[in-house]
Amino acid sequence: MRYAIISDIHGNLEALLAVLGDCGKKEIDRYICLGDIVGYGANPAECVKQIIDLDALCVVGNHDHAAIGLTDISFFNPYAKAAVEWTASKLSKKHKSFLSHLPFIITLEDITLVHSTLDGPERWRYILNDFDAEVNLKLFDNLICFIGHSHVPCMFQEQYNSKALFDFLNEMTIQQKTIINVGSVGQPRDGDPRASYVIYDSELRLVTFERIEYDIATAQKKIVKSGLPKILATRLQLGK
Ligand SMILES: [Fe+2]
């Protein structure tokens, strides 16, 4: 099976459509979404519809939970809070019902899927370094755990320093237990504003990191026009 694994779309329809256009050229058998379909961007409902139409296997993210009132947003920063409230007002009952039924963790073939971490996914913690990864590498039995949440594509293995690992890849055959962050479609934060996603070929055990240009200016204009905080538009072109 060839999987396209996308995450952290955050209501950015321009980025999502650009990624799906690229997937259309790459013989994808199944789509996987690692959560945070909504929040920050101007097209939350349209992005949820795309994920439903793709019949994507999908786990829930913290912004999905927040948009349906399942996450306490009193600790969110002011612009994230404003985005959550705006997003909730744009989602239909059908979309909210879809988000409310998404699981925290899915396991299939040789992969595990989770938005944040395996040790209490509802706590929405991050795997940012080898120390965080060490705990989580012990919590799955199959080959790869795909994650999102930090918006920074990277990977972790028991025997290797994560920085060293990431320096040489954009394509890699996986031979030992690995945690892979697929980055963000709609709000990358690694300094590269292009949409990020991963293709996984389970027969070859081959992971490919992809970066895709999209119409950032249109996504920005929509954010500003909708009254969402301007910083959400500015950061798209910075990739931060
Ligand atoms: Fe996110």
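All values below were derived from every heavy atom in this structure, side-chain atoms included, with hydrogens, water molecules and symmetry-related copies excluded. Whatever order the structure lists ligands and atoms in, that order sets their numbers, starting from 1.
Remark: Lys49 NZ is loosely packed, at most 12 non-hydrogen atoms of other residues, nucleotides or ligands lying under 6.0 Å away.
Angle OD1(Asp8) to the Fe ion (ligand 1) to OD2(Asp36), rounded to 10°: 90°.
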Test side chain to side chain contact (heavy atoms under 4.5 Å, CB included) on His115 and Ile147; report intermediate values, then the result. CA-CA 5 Å; His115 182 69; Ile147 64 170; over 6 Å; no
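In summary, His151 places an N/O/S atom under 2.8 Å from the Fe ion (ligand 1), meeting the contact criterion. Counting backbone and side-chain atoms alike, His149 contributes no N/O/S atom closer than 2.8 Å to the Fe ion (ligand 1).
Of the charged side-chain nitrogens involved, at least one lies within less than 4.0 Å of a carboxylate oxygen, so that Asp190 and Arg211 count as a salt-bridged pair. The existence of a salt bridge linking Lys26 and Glu210 is confirmed by a sub-4.0 Å separation between a basic side-chain nitrogen and an acidic carboxylate oxygen.
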